[in-house]
Structures are given as C-alpha cells and as structure tokens.
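Worksheet for the structure shown next.
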Amino acid sequence: MSGKEASLILLDVGASMYGEYQMGGGKKLSRLELAVDCLGLMIQQKIFNYKNHEVGLILFGTEEAPDGKTLYIQDLSIPDLDFFRNVSELPNHDVGLQVGGDIFDALDKAVHVLDDHTKTKRMEKKIYILTAGCGQTDYSEKQITKLIKMIEKVDVKINFIALDFMNDYNGDMDDPDKPEEYEALNNRMLTASYQCQEQSINSRYVFLMVQELRNNMRIFPANVAFELYSQFHTRSLQARASFRGDFQINDEISIQVLIYKRCFEERLPTLKKHSTLGQFQIDINKNHVRNDLIYYNPEDPNMTPIEKENIIRGYQYGRNLVPVDQIMEDKMKYQCPRQFQLLGFVDRTQIPRYYYTSTVDMVISVENQKQQKALAALVIALIATRKVAIARFVGRERTAPKLIMLLPHKSKNSQCFWMISLPTTEDIRHFQFAALKRSTPNQQMAVAAMIDSMDLQKMPTEDGQFEELLKMKYVANPTRQYFQQVIMHKAITRTDILPPISPLILEYLHPEIKVYDYAKEALSKIKAAFKFKINELKKQTDKKVFWKQLFDQQSTTQQIQPDDEVVEINQEEEEMVSMFAKQKLGFNDEIIKEIGTVDPISDFKKMITEKRIDLVDTALQQIQKIIIQFVDQSLKGSFYPKALECLKEMRRACISEDETNVFNKYLHALKDKYSQLVFWAQIVQQGITLISNVENQKSNVTAEEAQEFLNKEDISHKQLVDQLQHEEEDLLAEID
C-alpha cells in the first residue's frame, strides 16, 4: 500500500548465517550478506518512495543481547541514511558463538512491539523474518498455538524468508482446494532432509503456523536468489480507478465499469538543484536554484523584457509564421465528450502482437451483481468465439479519442477485459526494404529448431520438468534500482566512484546465458545452414567538396623552397580554382531577382530554388506577367508555345511549394481573359487544368472539379478547338 505502514525486520545473526549461501550459483556469498543486500533494497524503497512508512530492526541469535536472545537495533521510525549505513555494516561483525537464534521468541516479541506501537495509529503491520533455521527454540506446540492467536488478533502480515532452509516448500501446492497437491506437499515436508535437528523442528513449527495463518503468513524459501530479491525491490501502489463510467454496448444497453492501470511506464524522480554558495541548511526546501525566464525581442538592442501575457504562440505555415492566441487555439481543438463505446468485434488472429502500442489497463464492472453478470457474459462469449472487442475510448473531456482493443480474460474468481490501444492509419509508416534471398527448407528447419530450443518459457531442468527463466514478477527495474543505489552510495561514501549493480539481478536480466548451453546443437546447425562471409566496409569519402578544401589541395601541391620562400598563387590559378568550385558545387554569388524573356524558365527555376533568400512569391508574380506578355505580344500565336511552357513550369512549382491557390486563381483569370482565343484552346488541348487535392493536399479542388473545369466550354470555344486542329492538319499537308 502507499498509505502508512510499520515494518519490523527480524534478522538472524547466528553463526549459521555466516555460512556460504548454497543457492548462489557458484558465487561466494554468505547468507547474511544476501540478507543484508535484500534489506538494503527495502530501505532504499522506503526512503525514496514511502515517506509514511516506518521500519525497525531486531537482531536475534547474538550474545550481545541483554537477555541473550534479541537485540533491538532500530526502533520503529522513518528510515534514514544512518539506518542504511548500520545495516550495510552488519556482515563485518565477528561471528558469534550461537549457531542461530530462537525464531519464535523473536517473533513473539516483535508482535507485541508492533501492537504497542500501532494501538493509536491506523497502519498496516508487517514482519520480515530472515533466518537459516539453525537456532534452538524453547517453544512447544501449545505456545505456538498461543502465538498464532496473538498474530490473528493483532492482524500482522508475516513474510518468512528461509535461507537454505525449507527448500521443499512450494506455495502453489499449499492449497486445500487441491487435495492431491496439498497431500503431496505434506508428504514432502515430512520426508524432507535438513542440515540439523533444529532445522527440522523449526520447519515443522513454521509449516504449522502457515497452515493456520493462510491470510497472514507466507513462506519464501530462497531457492533462487532473484525470488528473494523480488520481495524487497517491488514498489506497491494504491489502486485508483482512472475511469468510472458507462461502457456503451448500443443505444439501449450499457455496463458500468471501472478502469485501473495494469502497467505503466516507470519514470525516475526529478532532482532539484541546491546552491553550494548559500549557507548549508538541513531543511531540503531551502537553497533551491531557481530559474527565471526573461522574454525579449531579439531585434531589440536594449533587450527590454516582455510580459508573458503579451506573448502568443506562432505556427509555421509554409514559409509564413501564423500567430495563434490561446482563445483561438482552444476553439480549434477537437471537442470530444467523455465516452467509452463499443464499435464491433473481430477475430483475435486479425490483430497481431506488434499492434499493441501502449500500456495495458484492466476493465472490470462495478460492485453490482447485475453489472458483473453482464460483463462476465460478454467476456465468456468472446472467449468462446475467439474474438476481441474494438471500442472508442475518451478518458477525459477534450482529449484525443483512442482506438482500443478489449481482450477478454477469465480467472478463477473473476472476469475482466485487458484494454490495449491500437494504431490508426495515420500511425502506421510503411518502410520499403530490399527483398531477402529465398531460404531453403534446410535453413527454415534450422531456424525453427533454434527458436524452439531458446524458448525462455519452457526450459527443461535436470529432473525433466520445465521452468520459466524470465518471470516478469521477479524482474526489478534495473534503471530505477541502480539510480537509487548510486544515490545511496554517494550519500554515504561522498565519492565519485559509481558502485556496480547487483550481480544477482544482472544474472537474471540475462537468462540467455543459461540457454546457450542447451541450444548449442541448434546454433551449430545454424552455422552449417548459413554460409557467412565478412563484408568489408569501404571507407566512405565525403561527396561534398568545399572551395576551401580545393584551395588547400592546390596549396599543398606547391613545393616549399629550401630558403622558406612563400610561393604565391597568381590570379589566374585562383580564378581557375574558383571556377572549378562553382562548377562542382553549383555555387554562384549572383542571385537572380528578375525573370527575363530570353530564358524565363531557367530564371524562374533559379529563383524558386534559391536558398539564401525567399524569392518564391516574387518568382510567381513575375512568371504570371511574362506569360501574359508572351500572349499579348504574339503574332498569330508565335509566342504561344513559350507561354505554355512557362505555364507548365509554374504549375509544377506551385505543386512543390504548396502554392496551389495561386495557380488555380491565375488559371481562372486566364480563362476569363483568353477564353475566345486559340491560346486557351491550346491549354485545353494539352490538358493544363487546376491543381487538385490529389496532387497537393492543400488544394481545395477535387479531381472531378479539375477535370470538369476543362470540359465545361461553350460552342464558340469548341469551334476554336476544331479550327486549331484543322490548321495543324493543313500545316502537315503543306509539309508533305
């Protein structure tokens, strides 16, 4: 929970805890070192994430205790760096004479301490016990029964962590509703072998307690180190519904549902800067570095500050910057009401796994029997038909709607939907890749065998069973865990040396190391099926050549005289280098600012593609005047072809530069002015029409309207077209 909590740690520090941890996977690690590492992770979590949690520490199995059994190291309080430092130094103490401590005596005292501490406080109570179980106990079964009643009365949650102890216990089998597995577990615990008689007695008492305290006690045998670590590095959160409303099936049917976060993106906490110039303060809220932003006009030499209220946003539209104030921006936003509506159903196979684009939420019904039955019926029906639901989801007003998939899920006690966002057409990007060579059947079989042998979910064990190597509930967030570890290390040591991440966590993050040995044969078949060769990469040379590089190359070819005389480059050589650079780079110092009548298309292209200054608007205005000049000054249509070529080039430029409205408006003007001339007939004959939204999305003319623009002509215009065709036929006849 994210509320108040009181946790009391009972740590066995007897001689048995200094022994080597047998499940360490070849790593030399004592049981006490492993326990201290786990406690360090727990304290880190409490310091960083839970400001209302209190932690205490009790050592048992030490001669330093006043009663020879238990020693109170830390009273229940909010943990700090001193507590973390004291826990980290525990493995450095000398080994005691006692083999182990009395587990049940320490547990009895811890329950009373928690009860006394939380009588007037509403706090969740937890006890963590870490021991190897080698300590002798004076408790009898009668006293154990009395302790069980006390635990139920105080309502304490107990996590019993056994180090190389009770390894045969399996919590999944400890279920009375499964008689066969439950009986098998009892037989296993009765016939289990232990290192000493004390472990056998302690195991029997602990197993008796967990049978009676099913809701208050759990046993975690540390068979695998990362399972033990998982009890301390997890960060529990208080469940809060992110959405509460109606799930609309149709106009008449709706189900009241709640939506909870199933998983979410983990973000590191933000760090605040503290000034080193100010006087040191214990209060963390003082000496903060504050950033003040000052807005000013970059063209103002005096840098006069501008109030934030006088600043509005500007959006790029082509080459122009359009100012948009907050009122206009709010009006332009898509106004969408809060909604959760069913759209339809599709087969589950039609939605591939790579379509899942975000985190997963859980959809359940409210605590109402009628609503629960309705949702359960829909879930069971979708599971039976192997379909999923597609819905439209708007979590809050004025937010973008989401296309989501509702994946039905049925557990032992409940039914729900997993809600997953799906991409729309605008979210999908199609990338073109070169085609691969067709594989042979032998290669396909080799790859299939390699995939099967490297399956992390079904890895065979020595006893012929299968185990999952990557259980996500045991995976720590390495980034967050290492972030906290580094801060704690630097706060204690005051050095710049970064500590290494825990090797046990790193080992679990790389399960493929265990897979390689099992998949050795499959990998050898891959090498035999595919012939690999080294592809030598050629050193890439710069394709761009700058004038300075050419000049430097020309300079280096000159030989320096023995008497260190400077060789001067004459004006001819400099002009040749400059000319070569201009030809190579297309670089010209002259900027064309006016379109001539000799080569108007070339001048127009240079003005459109000029990067140093923006001449697009000027070029479009001048080319329009040039076209009209060619038409008006033509003698029997002598300049019509030249005008038509300019018009075509203007049309191409308007498409590429998003100036479709300029061309369409100009073409309407040409039609109004020259519709009765042969020039317009030639435009129609060559199919020069309006720019449609198919050619450029910013055009407001459809393809049908663009085609209709040329088809709607009167009778006189059709006569001009026929006259033009007859003139061409007569001209061809004269040539023949």
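Side chains included, hydrogens not; waters and symmetry mates left out as well; all remaining heavy atoms used. Here the structure is a predicted model, which is why all the values come from computation and not from measurement.
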On a heavy-atom basis, which atom in [X] and which in [Y] lie closest, and how many Å separate them?
X	Y	answer
Val154	Lys125	O-CE, 2.9 Å
Ser453	Val515	O-CG1, 3.9 Å
Met454	Ala519	CG-CB, 3.7 Å
Ile501	Gln481	CG1-OE1, 3.5 Å
Gln195	Asp164	NE2-O, 4.1 Å
Leu11	Ala35	CD1-CB, 3.8 Å

Trace of the side-chain contact (heavy atoms from CB on, under 4.5 Å) decision for Arg214 with Met217: CA-CA 6 Å; Arg214 293 191 177 277; Met217 185 173 181; over 6 Å; no
Has [X] got a side-chain atom pairing as donor or acceptor with [Y]'s backbone, closer than 3.5 angstrom?
X	Y	answer
Gln74	Leu8	no
Lys490	Thr495	yes
Thr357	Ser421	yes
Ser16	Val99	yes
Gln136	Glu198	no
Arg85	Ile492	no

[atom1]/[X]: more than 12 non-hydrogen atoms of other groups inside 6.0 Å:
X	atom1	value
Arg262	CZ	no
Asn86	CG	yes
Gln143	CD	yes
Asn92	CG	yes
Arg348	CZ	no

Atom pair [atom1] ([X]) and [atom2] ([Y]), whose distance is rounded to the nearest 0.5 Å:
X	Y	atom1	atom2	value
Phe160	Phe207	CZ	CZ	13.5 Å
Leu57	Leu39	CG	CG	7.0 Å
Asp115	Asp155	CG	CG	11.0 Å
Leu163	Leu32	CG	CG	9.0 Å
His93	Tyr18	NE2	OH	7.0 Å
Glu54	His117	CD	NE2	3.5 Å

Quick one: does [X]'s side chain get under 4.5 Å of [Y]'s, heavy atoms only?
X	Y	answer
Leu10	Thr131	no
Glu152	Leu213	yes
Val379	Cys416	no
His53	Ser7	no
Leu130	Asp12	no
Arg218	Val210	no
Met405	Trp418	no
Asn202	Tyr194	no

Candidate pair Val36 and Val87, rule side-chain contact (heavy atoms from CB on, under 4.5 Å), full reasoning: CA-CA 7 Å; Val36 168; Val87 171; 4.1 Å; yes
Worked check of side-chain contact (heavy atoms from CB on, under 4.5 Å) between Ile158 and Ile129: CA-CA 8 Å; Ile158 300 174; Ile129 307 173; 4.0 Å; yes
Audit row: Phe104, Met209, side-chain contact (heavy atoms from CB on, under 4.5 Å) steps and yes/no: CA-CA 11 Å; Phe104 307 102; Met209 291 182 65; 3.8 Å; yes
Polar contact flag, side-chain donor to acceptor under 3.5 angstrom, Asp108-His112: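 Yes, because at least one side-chain N or O of Asp108 sits under 3.5 Å from a partner of the opposite role on His112.
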Proximity of Tyr139 and Tyr205 rings by center, below 6.0 Å: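 That pair fails the under 6.0 Å test.
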Parallel, tilted or perpendicular, as decided by the 30° and 60° cut-offs, for the rings of Phe48 and Phe483: tilted
Note: Glu124-Lys157 ion pair, threshold 4.0 Å (strictly below): no
